[in-house]
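A quick write-up on the structure given underneath.
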Amino acid sequence: MNYWLFKSEPDTFSVDDLARARRSTSPWDGVRNYQARNMMRDQMTVGDLGFFYHSSCDVPAIAGIVRIVRAGYPERAALDPKSRYFDAASDPAKPRWYCVDVCLERKIEPPITLETLRKHAHGALAEMVLLRRGNRLSVTPVTADEWRFILSLA
DNA sequence: GCCAACGTTGGC
DNA sequence: GCCAACGTTGGC
């Protein structure tokens, strides 16, 4: 059982978009970073939980909780010339990009803002990857302690 | 293998 | 819109 944080720009794909998806489930695709890919491909397991984080928006915040319902598998979009995520350099016989499927467990309302998280950047969340300087990873691990603490803020 | 140039991320 | 930080690319 692991915990994660998934970033998404709500203009592109928000918690509400996931809620509207069939069975509130969707591939977490479009990730084009090797570190993030490796986590999805190698470390995520069915049943893991994740925060759904809204980035690059008015109020960056954790807006929901998702559950991983399918472990890492080759991302279809990367191999689909019609997809905006198409990657011509990815060999279909040896796919470069992977995704997992996530299901919305519940929205967090009101969302837990980045501002709130930062208040604990020198305390309980001192080691949180999301808060690290210069962090740009779109998928980051969350420790069990961080997970519990953040839930207590909701 | 180095590293400058460039593109992207993401908070502000 | 700005800019710091970082990843990727490609020439050498």
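None of these values were measured; they are calculated from a predicted model. Note on naming: letters A, B, ... go to the chains in the order of the sequence lines (proteins, then strands), and numbering restarts at 1 for each one. All values below were derived from every heavy atom in this structure, side-chain atoms included, with hydrogens, water molecules and symmetry-related copies excluded.
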| Between A:Phe51 and A:Trp147, ring centroids under 6.0 Å | yes
| request: Verify the contact: side-chain N or O of A:Lys7 to OP1 or OP2 of B:dT9, cut-off strictly under 4.0 Å; return yes or no. | output: no
| Taking NZ, NE, NH1 and NH2 as the nitrogens, is one of them in A:Asp48 or A:Arg67 under 4.0 Å from a carboxylate oxygen of the other? | no
| request: Write down the distance between CG (A:Leu137) and C1' (B:dG11), rounded to a whole number of angstrom. | output: 16 Å
| query | Just how far, in rounded Å, is P of B:dG11 from CG of A:Asp11? | reply | 13 Å
| Atom CG of A:Leu114 to atom P of B:dG11: distance rounded to whole Å? | 6 Å
| message | Would A:Arg32 and A:Glu75 count as a salt bridge (Lys or Arg N to Asp or Glu O under 4.0 Å) here? Give the steps. | response | CA-CA 11 Å; A:Arg32 294 292 179 269; A:Glu75 188 207 88; 2.7 Å; yes
| task | Respond yes when some side-chain nitrogen or oxygen of A:Tyr53 is under 4.0 Å from OP1 or OP2 of B:dG11, and no when none is. | result | yes
| task | Using a heavy-atom cut-off of under 4.0 Å over every strand shown, decide if A:Arg118 touches base, sugar-phosphate, or nothing. | result | sugar-phosphate
| request: When you get a sec, tell me which of B:dG10, C:dC6, C:dT8 is the closest nucleotide to the side chain of A:Ser56? | output: B:dG10
| message | Between P on B:dG7 and CG on A:Asn33, what's the gap in Å once rounded to a whole number? | response | 19 Å
| task | Kindly confirm or rule out a cation-pi arrangement of A:Arg84 over A:Phe86, judged by NZ or CZ under 6.0 Å from the six-membered ring centre and within 45° of its axis? | result | no
| said: I need the CD-P distance between A:Glu9 and B:dG10, as an integer number of Å. | reply: 7 Å
| task | Please state how far atom CG in A:Asp58 lies from atom C1' in B:dG10, giving the value in whole angstrom units. | result | 13 Å
| request: Measure the distance from NE2 on A:His54 to C1' on B:dT9 and round it to the nearest whole Å. | output: 17 Å
| request: Round to the nearest Å and state the distance from A:Leu130 atom CG to B:dG10 atom P. | output: 9 Å
